[in-house]
Amino acid sequence: MTKILIVEDNEVNRDMLSRRLIRHDYEIIFALHGAEGVSKTLAEKPDLILMDMNLPVMDGWEATRQLKANPRTCKIPIIALTAHSMQGDKEKALSTGCDEYESKPIDFPSLLGKIESFIEKAKSEISESAFDLNISQLNPHIQKALFSHLRHELCTPMNAIIGYSEILLDELKQPDTDIYRDIDKILKSGNQLLELANKILDPTDFELNQDRSFDDFGAKIRLEMLTPLSTIIGYCDLLIEDADALFVPDLEHINIAAQKLLSMVNDIVNLAQQQLKAIDIEHIESNSTSALIQTAADTMHLLSQNNSVTSSAKLSGMILIIDDNETNCDLLSRQLERQGYTVAVATSGQQALQILQVIPYDLILLDIVMPGMSGLEVLAQLKIDPNWQNIPVIMISALDEIDSVVRCVEMGADDYLSKPFKPVLLRAKITACLEKKRLREQQVVQAPQLMDAALVPVMISRLSDGLIIYANTTAAATFALPVAQLCNRHIQSFLSHEDYSEIITVLQRNEAIINREFLVMNANGTQLWVIASLQPLTYNSEQTILTVLCDISDRKRAEDELRIAEQSYRSIFDNALQGIYQSTPDGQIVFVNKAMAMIYGFDNPIKMIETVNTLNYKLYVDIEQRQQFHYLLEVQGQVTGVEYQVYKYNGQTIWLSESARVVRDANGNTLYYEGIVEDITQRKLSEAALKRELEELRMEINQTKRAQEVAVTQPNYYQDNQDKQAKTTPTVLLVEDNEMNRDMLSRRLKRLGYEVLIAVDGQEGISIANSTYPDIILMDMSLPVLDGWEATKQLKANNKTKHIPIIALTAHAMSGDREKALNSGCDEYDTKPIEMSRLLNKITTLLNK
């Protein structure tokens, strides 16, 4: 639905305009002055603005100028509304930035024609020039659909890398071996890729970075993903050379998936454009979240046609996988067969329905996104057919929209799994679904005995009038009535009118109410808090309501006490001397105390939260360090004393020491992070100064020592030089902060006969080069302490090290990177992921000069 913002301070005018526009199916929002109009535009993103020019606080002329100067709002059409009708008013409105002009009193047909013209023009421009826009300028619903499709494409090879790595680790079962450790590094890099994909392809990132073009988007993905991809490909090459033949096929699967992902990352702009072309823009409504959800809504009405329940086959462990991706099917089949299940595969919805007509499976794993007949369409067919509707269905997809999960469950799916999923989680969900199916088959026989013996209150009441026709003894005790008297009461006598009306409305739609909290009153007049589940039930040929509830009054009282205690606890945090925070896993700040805000240079915690969460605010100097911190936190559960650099609000760089932990719920799901930070800038500056002084002193001592040796024993100098020339093992200094890349490169170089020295930052690289004089240096450009660009400049400015060849290694793949490296003093340049033969040719060429 098209959204129009009316900026008008006159109440009568607002009412008249809005009512007439609503009749033409427009959604209307209001602002009473210019400043509110600017704010509402940024927050609500209307499709068109009707702007009165004579406004309080900020007039329409200034509001229009601000909106047209902002890249986020400059494309929104603005029609000026003014009571003036003087010559030159229209020209003034257009020169201010308005797209059209209408004088009061409003000629509504004329205004409506102008509005419709702008809306049609906007739709045409979206379809014709979408690829020329910045990504952030796309319609938010189109942007979200684009990112969901891209995640689905990129996650397919990532799932293969993770899935085959887990299978190999499970088969090895020897953590103390080199091959196990190397495959575990591949698995960790695969998980890192998945985390990066979810972070980069998050529409909120582009809401915070307004001028992000497709080329910038592609460059960011290449920069972030090439390092872990380099690690995966490098270790695959190592392992294929060394591993037993039994493991080589799965390693080749990983390598093929990594190479495919590398190709997609390098051509990500074209992939994004192809996906954008495939999105049906005309059918994306402003109130929908994706085409996937719309498909679910279209099929929902089919499910209400048949609600009969039939018994299904006994538990036999037969599972049907419905997925069009061959790799996904292979991974799932192997995992399930190892768990003892009998598995069959269908590669399309049509094939699956044909198979089910012959064999009644115990459980179905159904992919949502498939060509031809989608997973949602298959689910709809399953749930309207009496022969299949009781087969448990678990939906699987790389799409992570919560709406799709909700819709699948509403349509009858028993559970949902996001790719990639852990074998333990897969096993648990399948076991739970099969057990639920077994219990459902037994409940018809066992229900009366179970209800009588239940330790929780159970009641059955008529749907038509609420009369209770069954109650167990526990329910009678809860409501302070004998069973016989309770069965003559109506359920609405214990509930508020609003709660009872809501219950009846839901149950008449044949839907269940699960774990809803209600305030009820028993026969003694005592108020109780209960948590209840209600569902429609055919009992003795009547339409009834089955109610199962639990008295939670004690828990509610405890929650009130806890809330008071938490308020006192929060006061302690607010006044602590150290910086304390809580944040969501995706980086949104939930809470900071005063000390934390002061460390970052903010006046108060509210200002810091609003700034960091809503603006294009660069917080971390080295984002890779933060990503590594996040990874360690998720793996280990807590991290202590991690040091890194951040930007204060005024742009100043400071050093922080952080200790943090993950807070999880009872099921192990991450709720939030909390941590303590301390400003250690002065300590780091002192350490750096001391390190420089020690380095200068060491260099001075070495220079003095060499001068003395040359003066006293001149012939030894020539002997040393001859010894050095006779040396047959070239020495390579590898300056790299990524542990996995260091390990992979150093091991491959040592196999080829090179002596390898290691440095983890640019400053250490300079120190080792000055003391050992290696034959060649492999220099990563993105380094902590001192980056590769500055380290190269210092080495080339030193007469003792300027002759040492330096090869720049970088995850960048942008035009001009090679020239930048060579201008900084590097002798050669290579991009990640490292192609070993190419790098060796460059090393050999430089050593032979």
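Between Arg748 and Asp743 there is no salt bridge, since no side-chain nitrogen of the basic residue lies less than 4.0 Å from a carboxylate oxygen of the acidic one. A salt bridge links Lys832 with Glu736: the distance from a Lys NZ or Arg NE/NH1/NH2 to an Asp or Glu carboxylate oxygen falls below 4.0 Å. Classification of Asp184 and Arg181 as a salt-bridged pair fails, no side-chain N sitting under 4.0 Å from a carboxylate O. Asp170 has no carboxylate O lying under 4.0 Å from a charged side-chain N of Arg334, or vice versa, which leaves the two without a salt bridge. Remark: Glu835 does not engage Lys842 in a salt bridge, criterion side-chain N to carboxylate O under 4.0 Å.
Expressed to the nearest 0.5 Å, how far CD1 of Ile322 lies from CG of Asp324 amounts to 11.5 Å. Interatomic distance, CG of Leu251 versus CD1 of Ile179, reported as 6.5 Å (0.5 Å rounding). Distance check, rounded to the nearest 0.5 Å: CG of Leu745 to CG of Leu839 gives 6.5 Å. From Ile396, atom CD1 reaches atom SG of Cys408 across 11.0 Å, with rounding to the nearest 0.5 Å. Atom OG1 of residue Thr231 and atom CG of residue Asp182 lie 11.5 Å apart, to the nearest 0.5 angstrom. Expressed to the nearest 0.5 Å, how far CD1 of Ile843 lies from CE of Met836 amounts to 6.0 Å.
In terms of heavy atoms, Ala258 sits closest to Leu229 at O-CD2, 3.6 Å. The two residues Asn741 and Asn738 have their closest heavy-atom pair at N-OD1, 3.0 Å. Here the shortest heavy-atom pairing between Asp414 and Pro392 reads OD1-CA, 3.2 Å. The nearest pair of heavy atoms linking Leu193 to Pro228 is CD2-CG, 3.5 Å. Across all their heavy atoms, Ser230 and Met744 have their closest contact at O-CE, 3.9 Å. For Leu633 against Arg664, the heavy-atom pair with the smallest separation is O-NH2, 4.5 Å.
A 6.0 Å sphere centred on CD of Glu171 holds more than 12 heavy atoms belonging to other residues, nucleotides or ligands. Around atom CD of Gln638, no more than 12 heavy atoms belonging to other residues, nucleotides or ligands sit under 6.0 Å away. Atom CD of Glu326 sits in a sparse spot, with 12 or fewer heavy atoms from other residues, nucleotides or ligands closer than 6.0 Å.
At a threshold of 4.5 Å between non-hydrogen side-chain atoms, the residues Tyr673 and Val639 do not count as touching. Contact check for Thr831 versus Leu226: no side-chain heavy atoms found under the 4.5 Å cut-off. Side-chain atoms of Asp330 and Val345, non-hydrogen and from C-beta on, never get closer than 4.5 Å to each other. Considering only heavy atoms from C-beta on, Ile355 comes within 4.5 Å of Tyr361 through its side chain. Contact annotation: the side chain of Ile254 approaches that of Ile186 to within less than 4.5 Å [non-hydrogen atoms, C-beta and beyond]. For the pair Ile394 and Cys433, the minimum side-chain heavy-atom distance is below 4.5 Å. Looking at Ile233 and Leu262, their side chains come closer than 4.5 Å, going by heavy atoms from C-beta outward. Within the 4.5 Å cutoff, side-chain heavy atoms of Arg838 are placed close to those of Asp830.
Checking side-chain atoms of Ser263 against main-chain N and O of Gln259 turns up no donor-acceptor pair under 3.5 Å. Judged purely by atom type and a 3.5 angstrom limit, Lys185 has no side-chain atom pairing as donor or acceptor with the backbone of Met740. Put simply, the side chain of Asp244 never gets that close to the backbone of Phe247: no donor and acceptor are under 3.5 Å apart. Looking only at distances, no side-chain donor or acceptor of Asn667 sits under 3.5 Å from a matching main-chain atom of Asn669. The backbone N or O of Met370 lies less than 3.5 Å from no partner atom in the side chain of Ser374, so there is not a single donor-acceptor pair. When atom types are taken as modelled, the side chain of Lys429 and the backbone of Tyr416 share a donor-acceptor pair closer than 3.5 angstrom. A donor-acceptor pair under 3.5 Å is formed between the side chain of Gln351 and the backbone N or O of Thr347.
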Could you go step by step and tell me if Asp367 and Ile321 meet the side-chain contact (heavy atoms from CB on, under 4.5 Å) rule?
CA-CA 8 Å; Asp367 189 29; Ile321 299 170; over 6 Å; no
Go through the steps for Leu353 and Leu382 under the test side-chain contact (heavy atoms from CB on, under 4.5 Å), then give the verdict.
CA-CA 8 Å; Leu353 296 177; Leu382 293 173; 4.2 Å; yes
Determine, step by step, whether Leu379 and Leu366 satisfy the side-chain contact (heavy atoms from CB on, under 4.5 Å) criterion, reporting the C-alpha distance in whole Å, the side-chain angles of both residues, the deciding distance to 0.1 Å, and the verdict.
CA-CA 8 Å; Leu379 179 62; Leu366 175 57; 4.1 Å; yes
Taking it one step at a time, do Phe629 and Glu624 satisfy side-chain contact (heavy atoms from CB on, under 4.5 Å)?
CA-CA 9 Å; Phe629 175 83; Glu624 290 186 1; over 6 Å; no
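Looking only at atom types and distance, the side chain of Gln627 has a donor-acceptor partner in the side chain of Glu224 under 3.5 Å away.
Taking the six-membered ring for Trp and thresholds of 30 and 60 degrees, His253 and Tyr164 have nearly parallel ring planes, at less than 30 degrees apart.
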